[in-house]
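Residue numbers begin at 1 in each chain, while the letters A, B, ... track the order of the sequences.
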There are 2 protein chains.
Amino acid sequence: MSFINPAITFVLITFTNNYMAIFSKTCEYAMRAVFYVAQKSHEGQKVGIKEIAEQINSPEAFLAKILQKLSRERLIQSVKGPNGGFYFDAVSLNRPLADIVSAVDGNEIFTGCGLGLTYCSESNPCPLHDEFKKVRNQITHMLNHTTIGKFNLGLIKGKFTLNK
Amino acid sequence: MSFINPAITFVLITFTNNYMAIFSKTCEYAMRAVFYVAQKSHEGQKVGIKEIAEQINSPEAFLAKILQKLSRERLIQSVKGPNGGFYFDAVSLNRPLADIVSAVDGNEIFTGCGLGLTYCSESNPCPLHDEFKKVRNQITHMLNHTTIGKFNLGLIKGKFTLNK
DNA sequence: TTAATAAAAGACAAAAATATCTTTTATTAT
DNA sequence: ATAATAAAAGATATTTTTGTCTTTTATTAA
Ligand code: FES
Ligand code: FES
């Protein structure tokens, strides 16, 4: 017994809107995780992948892959075994968020053309170039001036959320 | 006979960078196409999908789907048959590019949280909120103040490119 | 009124991004 | 040394985005 009446069944969607954010899901998870781990590091603690994933609301195994990549690139520190987990040392806490973004999403966002042309240039610009450059510069500024550890106190005080 | 020597074969890539631009490919093609058609409309001409795809360097059949969607939403005009093609009427030429973007990529880019949280809010912000808001506002401003027909003269004069 | 033209629609295919599951390796406390 | 723990790595699966091919519908010129 089916609850769908075939007489009134019809196709709803032929062309779905793309979901489209500034950053990939991978990058969003990476940034949230990084802020969460930084906060814990500030308190002198290491954190396990399970806790991170729970606290930032991301799929655990997928996040693990992302942090593995960051770990290979020495952007985050980790130790295996009991009492192990992820953490940031003092140097890493001072790294710009831009390092995380470019490790995960590449450099398109910092240098790419807004209309998707193969390269961006001043001398042979696309129509959007002048305005798009401002956007790109602001993103670059934001990511270069935000250090991984910048929000530790705000997070500890509950001023910010990573999970909603 | 193989040209790959198994003794020196190894896996190169375990975690590829995401390609990540501000807009989806779909949206990039849409914007380029729209500027190209607008320019032709300014000169009083309709354009066929084949010419558009060639001139903006996009896959023809894929672009056709995109323009079909814009056409269904009355953002672009079209007529079938001989001497048919795509064009913009005076009203459409004055529409903001934002209409194209939201038709194709949705509204995430205008309202979404930079860290991918389910919603953005002033009272319960993510760490990036204050800075990200500026980025989002600049994108919104750019897309609202750029009309579809804005670059017609610049394109005709060869000041801008849609194909490189 | 017919043939040619060009967009619209439908079905399908490939590639990339996202997500999960299993096995291995390193570390530490007992 | 051994068992327990937790990250790293490997393999695979799902979903979304991007891209193609075929058929249908509308328009127009002859
Ligand atoms: S050429 Fe397109 S943004 Fe610079
Ligand atoms: S809450 Fe994240 S951008 Fe506003």
Close residues, residues 33-50 of chain A, relative to DNA chain D [heavy-atom separation under 4.0 Å]: Val47(A), Gly48(A), Ile49(A)
Residues within residues 102-110 of chain B bordering DNA chain D, heavy-atom distance below 4.0 Å: none
What is the distance, rounded to the nearest whole Å, between atom [atom1] of [X] and atom [atom2] of [N]?
| X | N | atom1 | atom2 | value |
| --- | --- | --- | --- | --- |
| Leu75(B) | dA7(C) | CG | P | 18 Å |
| Gln68(B) | dT18(D) | CD | P | 17 Å |
| Lys69(A) | dA7(D) | NZ | P | 20 Å |
| Ile66(A) | dA9(D) | CD1 | P | 15 Å |
| Leu67(A) | dA9(D) | CG | P | 13 Å |
| Arg74(B) | dA8(C) | CZ | C1' | 13 Å |

Can you find a side chain N or O atom of [X] that sits less than 4.0 Å from OP1 or OP2 on [N]?
| X | N | value |
| --- | --- | --- |
| Ser71(B) | dA8(C) | yes |
| Tyr29(B) | dT18(D) | no |
| Ser78(A) | dA6(D) | no |

Partners meeting ring-ring contact (aromatic ring centres under 6.0 Å, His included) with Tyr29(A) (sequence neighbours left out): Phe62(A)
Residues that Asp130(A) engages under side-chain contact (heavy atoms from CB on, under 4.5 Å), provided they are two or more places apart: Glu122(A), Lys133(A)
List the residues meeting salt bridge (charged side-chain N to carboxylate O under 4.0 Å, His left out) with [X], not counting sequence neighbours, and say none if there are none.
| X | value |
| --- | --- |
| Asp105(B) | none |
| Glu54(A) | none |
| Lys150(A) | none |

Contact state string [nucleotides 20-30 of chain C, B base, S sugar-phosphate only, - no protein heavy atom under 4.0 Å]: BB---BBBBS-
Passing candidate, side-chain contact (heavy atoms from CB on, under 4.5 Å) with Gln77(B), options Ser71(B), Ser41(B), Ser92(B): Ser92(B)
Of all pairs that satisfy side chain to side chain donor-acceptor pair (under 3.5 Å), the ones with a partner from residues 109-120 of chain A, not counting sequence neighbours: none
Interatomic spacing from CZ in Arg32(A) to OG in Ser58(A) - rounded to 0.5 Å: 6.5 Å
Check the interface with nucleotides 15-17 of chain C: list each N/O to N/O pair with the protein under 3.5 Å, or write none.
unit_1: dA17(C); atom_1: OP1; unit_2: Tyr19(B); atom_2: N; d: 3.0

Of all pairs that satisfy ring-ring contact (aromatic ring centres under 6.0 Å, His included), the ones with a partner from residues 141-164 of chain A, not counting sequence neighbours: Phe35(A)-Phe151(A), His141(A)-His145(A), Phe151(A)-Phe160(A)
Any pair counted as ring-ring contact (aromatic ring centres under 6.0 Å, His included), so long as it reaches residues 70-97 of chain B, sequence neighbours left out: none
